[in-house]
Amino acid sequence: MDSQSRPAEKPSNGDVARIFERIADVLEIQGENPYKIKAYRNAVDTLRSLDEPVWQVAEDDRLDSIPGFGDAIRAKIGDILLTGTTNLYDRVKDAVPEGVIEILNLPGIGGKTVKQLYDTLNIVSIEALEKALDEGKIAAVKGMGEKTADKIRQSIERGRRYAAGVRLNQGVDIAGNIIHNLADCPHLTQLTVAGEVRRGCDFIGVIDIVGAATDFAAALDAFTTLNQVDKIVERGDKHARCVLHSGAAVELTLSDPADFAMLLFLKTGSQAHVARVTEMAKLTKLPSDEADIYAAAGLPSIPATLRENTGEIEAAQTGKLPPLITIDDIRGDVHAHTTATDGDFSIQEMAVAAKALGYEYMAITDHSHSLAMVGGLTPDRLRAQMAEIRALGDSLGIRIFAGSEVDIKADGSLDFDDDLLAELDFVIASSHLYNNQSRDAQTKRMIKAIENPHVDLIAHPTGRIILRRDPYAVDIDALIAAAARTGTALEINAAPARLDLKDSYARRAAQAGVKIMINTDAHRIVEYDLMHYGITTAQRAWLTPADVVNTLPLAEFEAWLKR
DNA sequence: GCCGTTTTCGGCCCGACTGTTTTCAGTCG
């Protein structure tokens, strides 16, 4: 954004967040006060999770009501809303080459390392870093060695693997944004999302959008000249693929209005699904919607989330498509945090918001004391919180379960003793620490937690953070077998960065008779809305309401807890 | 940079792990 000009439209929360993120990155490389950096990163998180436009908050003079926005950050937000930039950003944005920021964003490499590489070897890009690695220069830097060099090499490899895509929520947002920006294009009569985003994949390689157009060239021009487009990778008569400034790849494919249903079908399912259905379909006329195509193949319509050729065609042929779970089946979200640990809202606020969503019950499940960085609850603090929840009773019109997200210790024992666990209504066990054990050790450790009779649910069982961290080494089938044996539920964590269990694992778990819970792990009220990502993953896992414990009415859910 | 029943300065961000050290720095959750 040009620093001199007034922004044409109001900067979005994401625009403001990006500026603060860059400020934080540069300050980190410059070795600034870590608390200052943290303050900017906090502001980034706050902006991205705000459920209304920051310009609206500013216009209403309510910025000072947002925790973490002090004098300095409020003033900078004001500058950015007015001019599109702020002095500090202008000063720092060119202080460090772009490639250095890219290195900082590689998992496993922090500000200190980046600065040292920049200062001592003038490494300003990932390519330069790789060259220095190959020449043995990195291992020779003071304070580094062969193992550090290896770690950096792995980081680059992982970063490259992760760079080629976006998370589902990002795919949904980007597609929505592009469709919105092309809504006024007179050459397009229809426009909708297809491909991996429509199928609800956890990881999106290419964001596919399909359109019906009256003038292909003009419609593609409108697409390729959008503000967010960085470069055009490919352009044909009826399609164009672009890379956006954000790095995401987007492809727009067009057809005549009459062929749109076929295009949508072709661009939605996996290649194998589309190929098989196409071969089966005996079309005698142009399909007016996708149902016509499936009907011509002698099949009922197959939901987009199932179109992977993993048995859905056979199921459709034999009338055995599962009655997939929908968001309306969910009766409670039983994984939520409060200000007692790393959440942003009180017990009451979280409960009232859950009630407003129509839930019959919810659970407060703050972290346990081993997770020191978030101020995990000590036994005394947990008992105090439990008393607070019990005192609330049914006064808020929603059943609040007193729970805990207990950390699993290195040896598989839990962070609270059995007496305390027995006092709780609901116990989640999850692993945030000690995750780099061998596959065997990690599997044994997780199974030990599953076997604890107080544990109702294992949250985010593989620990992956999509595009950031691989799942830890664990024998998932052994965990599934243990959960089936003990009656312990496994979670589909709906946070789009997790979606853990992933679809294929959740499907195997359900087939083995394991009960699933779908939870948002909300740290803020707005995060309750992430439930639909968990539902999409559950659909991809072929789950029905009967597979998912938190579809049960309150009384039955309580009975399940006492199983 | 934020925050305040410790209120305009001085805490805040703790503990484990790793790799390079031989007493500690960097990174992460």
Side-chain angles (χ1 to χ4, degrees), chain A residues 19-21 23-47 63-77 86-89 92 103-120 138-155 158-159 337 339 341-342 344 367-378 381 405 407-411 415 430-438 441-442 459-460 462-465 468-472 493 495 497-498 500 521 523:
Chain A
I19 288 174
F20 285 155
E21 187 162 50
I23 289 173
D25 283 347
V26 174
L27 295 182
E28 189 164 347
I29 292 166
Q30 292 176 337
E32 253 286 2
N33 174 3
Y35 297 109
K36 185 192 276 194
I37 297 163
K38 185 84 164 99
Y40 280 109
R41 295 213 188 279
N42 276 342
V44 170
D45 289 346
T46 303
L47 284 161
L63 281 179
D64 58 2
S65 71
I66 297 178
F69 287 4
D71 292 342
I73 283 178
R74 284 203 303 273
K76 289 182 177 70
I77 291 174
T86 183
N87 283 338
L88 178 60
Y89 178 65
V92 305
I103 295 171
L104 177 68
N105 289 327
L106 286 175
I109 299 185
K112 298 282 163 56
T113 306
V114 171
K115 180 172 162 49
Q116 195 182 10
L117 295 174
Y118 184 35
D119 289 347
T120 61
I138 300 299
V141 172
K142 186 175 179 332
M144 300 193 182
E146 280 303 332
K147 292 205 171 165
T148 304
D150 271 352
K151 215 171 94 180
I152 292 174
R153 206 174 266 118
Q154 284 169 25
S155 248
R158 200 161 54 227
H337 297 272
T339 49
T341 60
D342 53 349
D344 284 354
H367 293 286
S368 61
H369 54 131
S370 273
L371 212 55
M373 68 154 181
V374 300
L377 297 182
T378 59
R381 289 183 65 209
E405 181 179 7
D407 251 79
I408 300 168
K409 296 205 278 192
D411 65 355
D415 208 13
S430 72
S431 179
H432 300 92
L433 307 168
Y434 321 107
N435 283 331
N436 56 348
Q437 306 190 20
S438 72
Q442 182 75 339
H460 42 74
T462 74
R464 71 170 179 171
I465 304 291
R468 180 81 205 168
R469 195 174 73 205
D470 288 338
Y472 42 69
N493 190 289
R498 289 195 182 270
D500 180 11
D521 197 353
H523 289 67

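Not measured: the values here are computed from a predicted model. Both backbone and side-chain heavy atoms feed into the values below; hydrogens, waters and symmetry mates do not. All chains are named by letter (A, B, ...) in the order of the sequence lines, taking the proteins before the strands, and each is independently numbered beginning at 1.
Contact annotation: A/S370 does not reach the phosphate of B/dG15 (side-chain N/O to OP1 or OP2, under 4.0 Å). Phosphate contact (OP1/OP2 of B/dT27, side-chain N/O of A/T113, threshold under 4.0 Å): present. Taking only side-chain nitrogens and oxygens, A/R469 never comes nearer than 4.0 Å to OP1 or OP2 of B/dC28.
When the P atom of B/dG26 is taken as reference, atom CG of A/D119 falls 12 Å away, rounded to whole Å. As a whole-Å value, the separation of A/K112 NZ from B/dT18 P is 20 Å. Put simply, CG on A/D45 is 15 Å from C1' on B/dC2, counting in whole angstrom units. Across the protein-nucleic acid pair, A/I465 atom CD1 and B/dC28 atom P stand 13 Å apart, rounded to whole Å. Rounding to whole angstrom units, CD1 of residue A/I152 and P of B/dG19 are separated by 12 Å. Between A/H367 atom NE2 and B/dG15 atom C1' the separation is 16 Å, expressed in whole Å. The distance between atom CD of A/Q437 and atom P of B/dG29, rounded to the nearest whole Å, is 16 Å. In this structure, the CD1 atom of A/I109 is 14 Å from the P atom of B/dG19, given to the nearest Å.
Pairing each heavy atom of A/G375 with each of A/R381, the nearest pair is O-NH1, 3.1 Å. When all heavy atoms of A/K36 and A/L27 are compared, the pair lying nearest together is CD-CD1, 3.9 Å.
Taking only side-chain atoms of A/K36, from C-beta outward, the nucleotide of B/dG19, B/dG1, B/dG26 with the closest atom is B/dG1. Nearest nucleotide to the A/Y434 side chain, out of B/dT20, B/dG26, B/dC17: B/dC17. For A/N436, counting side-chain heavy atoms from C-beta on, the closest listed nucleotide (B/dG26, B/dT18, B/dG1) is B/dT18. When distances run from any side-chain atom of A/K147 to the nucleotides B/dG19, B/dG1, B/dG15, the shortest one goes to B/dG19.
With P as the reference atom, B/dT20 and B/dC12 are 32 Å apart, rounded to whole Å. Going from the C1' atom of B/dC2 to that of B/dT7 covers 13 Å, rounded to whole Å. Rounded to whole Å, the separation between the C1' atoms of B/dG19 and B/dT23 comes to 13 Å. Rounded to whole Å, the separation between the P atoms of B/dA16 and B/dG11 comes to 24 Å. Atom P of B/dT21 sits at a distance of 16 Å from the matching atom of B/dT27, rounded to the whole Å. B/dT5 and B/dG1 have their P atoms separated by 23 Å, with the value rounded to a whole Å. A distance of about 23 Å separates the C1' atoms of B/dC14 and B/dC9, rounded to the whole Å. Across the P atoms, B/dC13 and B/dT6 are found 16 Å apart, a figure rounded to whole Å.
Residue contacts for A/G111: at a heavy-atom cut-off of 4.0 Å it reaches the sugar-phosphate backbone alone, with no base atom in range. Nucleic acid contact for A/R468: sugar-phosphate only, since backbone atoms but no base atoms lie under 4.0 Å from a heavy atom of the residue. Nucleic acid contact class of A/P34 (heavy atoms, under 4.0 Å, all strands): base. Among the heavy atoms of the strands lying under 4.0 Å from A/E146 are primed sugar atoms or P, OP1, OP2 only; no base atom is included. Using a 4.0 Å heavy-atom cutoff across all strands shown, A/N42 reaches no nucleic acid atom at all. Backbone-only engagement by A/D71 is indicated by non-hydrogen atom pairs under 4.0 Å involving sugar-phosphate atoms exclusively. Residue-level contact check: A/L433 touches neither bases nor backbone, having no heavy atom under 4.0 Å from any strand.
To the nearest 0.5 Å, atoms CG (A/D407) and NE2 (A/H367) are separated by 7.5 Å.
Map A/L88 and A/H432 each onto its nearest nucleotide of DNA chain B; the residue landing nearer the 5' end is A/L88. Of the two residues contacting DNA chain B, namely A/G110 and A/K76, the nearest-nucleotide position lying further toward the 5' end is that of A/K76.
Proximity of a side-chain donor or acceptor of A/T120 to a complementary backbone N or O of A/Q116 within less than 3.5 Å is detected.
You'll find the side chain of A/Y40 stays beyond 4.5 Å of the side chain of A/D25, heavy atoms only.
By the neighbour-count criterion of 12 heavy atoms within 6.0 Å, atom NZ of A/K409 is densely surrounded, having more than that number from other residues, nucleotides or ligands.
Nucleotide B/dT8: unpaired (no Watson-Crick or G-U wobble partner with both distances less than 3.5 Å).
In this structure, A/Y35 does not pack face-to-face on the six-membered ring of B/dC13, missing the 5.5 Å centre cutoff or the 30° plane limit.
Under the 3.5 Å distance criterion, with hydrogens and angles disregarded, no donor-acceptor pair is assigned to the side chains of A/D500 and A/N493.
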